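Let me begin by presenting the structure, written as structure tokens, before commenting on it.
A quick note: this is a predicted structure, and the numbers were derived from the prediction, not measured.
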Amino acid sequence: MNDIPVLVPVKGKSVRCPNKNETLLPFTLNYLKREGFENVYVISDSKELLGIAKDYKFNAFFEQWKEGGDELHSSWSLMQDLNYESFVLSSVTHPFKSYRLISQMIGLMELSANVPDFIATSNTFPDRKQYFLEKKQGNEYRFKFNFKNRKGSLSDSPEEMIDGAIYLIKKAFLEKVVKSNDSNLTFWSGNFSCIPNSAPFFDIDTIEDLKRFLSFISQFTAQV
């Protein structure tokens, strides 16, 4: 099980939050190390970030991010040469992941009668109505509301939504996505299932986001 490749795509430069990825990458790598995963690839255009991967005894894969590219395209640059039917994509901008998430996702993928294109982690939120999910028959999910714009908006009560921390993706589906005219639309049109992530949610894109996260870590450490 721990032989499945875990990909961690991470750009060297963040315009909205400089040095963000240098701060956040160790949280994801520590998580994967504690979970016992060894077949881990950090994909980056930064020698410093690839150096961090090597410090953790993980694989470092240099990838020059192309204009308009994203984590899926960077993942395909590596996955097309790896002989695996699926892979895990772990995001550094969502640093908190609960115990055995990846194991649960793999188990669900193996046991599903209708094998999904991907499995995502979900969490419960009082906002971002466009992302709210509802469970269909078996382990299939779909978006509760049909919005073209998925930038999020307020809602009155907490509901389940994809949190972006971890994805388990079929390689054949990834190829379909990256070769399509609209990779984002093709991906979110796929068949998917979800595993709840019980860890606190942080989506770190800006300096303010990072400050809140580091403050949370500081307060938590002081209480231990």
Side-chain angles (χ1 to χ4, degrees), residues 5-75 77-78 87-102 105 120-125 127-128 131 151-152 161-169 195-224:
V6 181
L7 277 50
V8 186
V10 54
K11 286 195 294 187
K13 183 178 181 181
S14 173
V15 176
R16 289 189 291 173
C17 188
N19 303 317
K20 171 186 72 175
N21 292 328
E22 290 88 338
T23 302
L24 296 178
L25 179 58
F27 287 93
T28 290
L29 299 186
N30 277 320
Y31 172 80
L32 296 172
K33 184 72 73 173
R34 289 195 305 270
E35 292 284 272
F37 287 90
E38 298 179 354
N39 195 18
V40 176
Y41 294 83
V42 174
I43 306 172
S44 183
D45 56 357
S46 164
K47 292 182 179 179
E48 181 178 356
L49 295 177
L50 295 178
I52 294 175
K54 294 176 182 178
D55 290 341
Y56 280 81
K57 310 301 181 185
F58 289 147
N59 301 295
F61 182 81
F62 180 82
E63 165 68 7
Q64 188 67 53
W65 284 59
K66 301 177 178 61
E67 186 69 27
D70 55 21
E71 292 182 335
L72 294 173
H73 287 86
S74 288
S75 296
S77 295
L78 175 62
F87 70 99
V88 172
L89 192 157
S90 185
S91 172
V92 301
T93 59
H94 301 76
F96 287 152
K97 293 104 169 166
S98 56
Y99 179 61
R100 291 184 58 80
L101 269 180
I102 297 175
M105 297 170 90
T121 49
S122 62
N123 220 313
T124 304
F125 301 87
D127 55 12
R128 301 191 179 187
Y131 287 96
K151 295 183 181 296
M161 66 167 271
I162 290 174
D163 71 356
I166 299 177
Y167 297 87
L168 174 60
I169 306 172
I195 292 289
N197 179 13
S198 60
F201 173 76
F202 281 89
D203 182 5
I204 304 171
D205 290 321
T206 66
I207 293 175
E208 290 71 24
D209 294 336
L210 184 59
K211 287 180 178 178
R212 284 194 294 270
F213 171 71
L214 295 176
S215 176
F216 179 89
I217 292 292
S218 177
Q219 293 175 30
F220 177 79
T221 303
Q223 294 173 7
V224 175

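- Of all heavy-atom pairs between G12 and L49, the closest is CA-CD1, 3.8 Å.
- Between the side chain of S75 and the backbone N or O of E71 there is at least one donor-acceptor pair closer than 3.5 Å.
- Closest non-hydrogen pair, L29 versus A53, comes out as CD1-CA, 4.1 Å.
- The side-chain heavy atoms of K97 and E35, taken from C-beta on, include no pair separated by under 4.5 Å.
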For I102 and F37, what are the C-alpha separation, side-chain angles and deciding distance, and is it a side-chain contact (heavy atoms from CB on, under 4.5 Å)?
CA-CA 10 Å; I102 297 175; F37 287 90; 3.4 Å; yes
Given side-chain contact (heavy atoms from CB on, under 4.5 Å), test Y56 with V40 step by step and report yes or no.
CA-CA 10 Å; Y56 280 81; V40 176; over 6 Å; no
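- Between S44 and S46, the side chains place no donor N or O within less than 3.5 Å of an acceptor N or O (distance only, hydrogens not considered).
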Apply side-chain contact (heavy atoms from CB on, under 4.5 Å) to residues F58 and V8 and explain how you reach the verdict.
CA-CA 10 Å; F58 289 147; V8 186; over 6 Å; no
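- For N123, the side-chain contact (heavy atoms from CB on, under 4.5 Å) test picks out F125, D163, N197, F201, with sequence neighbours left out.
- For N19 (side chain) and E22 (main-chain N/O), no donor-acceptor pair under 3.5 Å exists by modelled atom type.
- Of all non-hydrogen atoms in S77 and F61, the two that sit nearest each other are O-CZ, 4.0 Å.
- Here the side chains of L89 and L72 are in contact, with some heavy-atom distance below 4.5 Å.
- Each of V6, L168, L7, L78 was checked for a side-chain contact (heavy atoms from CB on, under 4.5 Å) with F87, and the lone residue meeting it is L7.
- Proximity of H94 to T28: side-chain heavy atoms (C-beta onward) are nowhere separated by under 4.5 Å.
- If you take CE on M105 and CD1 on I169, they are separated by 8.5 Å, rounding to the nearest 0.5 Å.
- D209 places none of its side-chain heavy atoms less than 4.5 Å from the side chain of D203.
- Between the side chain of Y31 and the backbone N or O of S98 there is at least one donor-acceptor pair closer than 3.5 Å.
- Residue pairs that meet the side-chain hydrogen bond (donor to acceptor under 3.5 Å, both in side chains) test with at least one member in residues 6-16, sequence neighbours left out, do not exist here.
- The number of heavy-atom neighbours closer than 6.0 Å to CZ of F62, taken from other residues, nucleotides and ligands shown, is above 12.
- For the pair L101 and I195, the minimum side-chain heavy-atom distance is below 4.5 Å.
- Using bins of under 30°, 30° to 60° and over 60° for the plane-to-plane angle, the ring pair F27/F213 lands in the perpendicular bin.
- A donor-acceptor distance shorter than 3.5 angstrom exists from the side chain of T121 to the backbone of I166, with no hydrogens or angles considered.
- A heavy-atom distance below 4.5 Å is not found between the side chains of V42 and N59.
- The nearest pair of heavy atoms linking T23 to L210 is CG2-CD1, 4.2 Å.
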How far apart are the C-alpha atoms of N30 and L32, what are their side-chain angles, what is the distance that settles it, and do they pass the side-chain contact (heavy atoms from CB on, under 4.5 Å) test?
CA-CA 6 Å; N30 277 320; L32 296 172; over 6 Å; no
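- Between the NZ atom of K20 and the CG atom of D205 there is a distance of 5.0 Å, given to the nearest 0.5 Å.
- In this structure, E38 CD and K33 NZ are separated by 7.5 Å, a value rounded to the nearest 0.5 Å.
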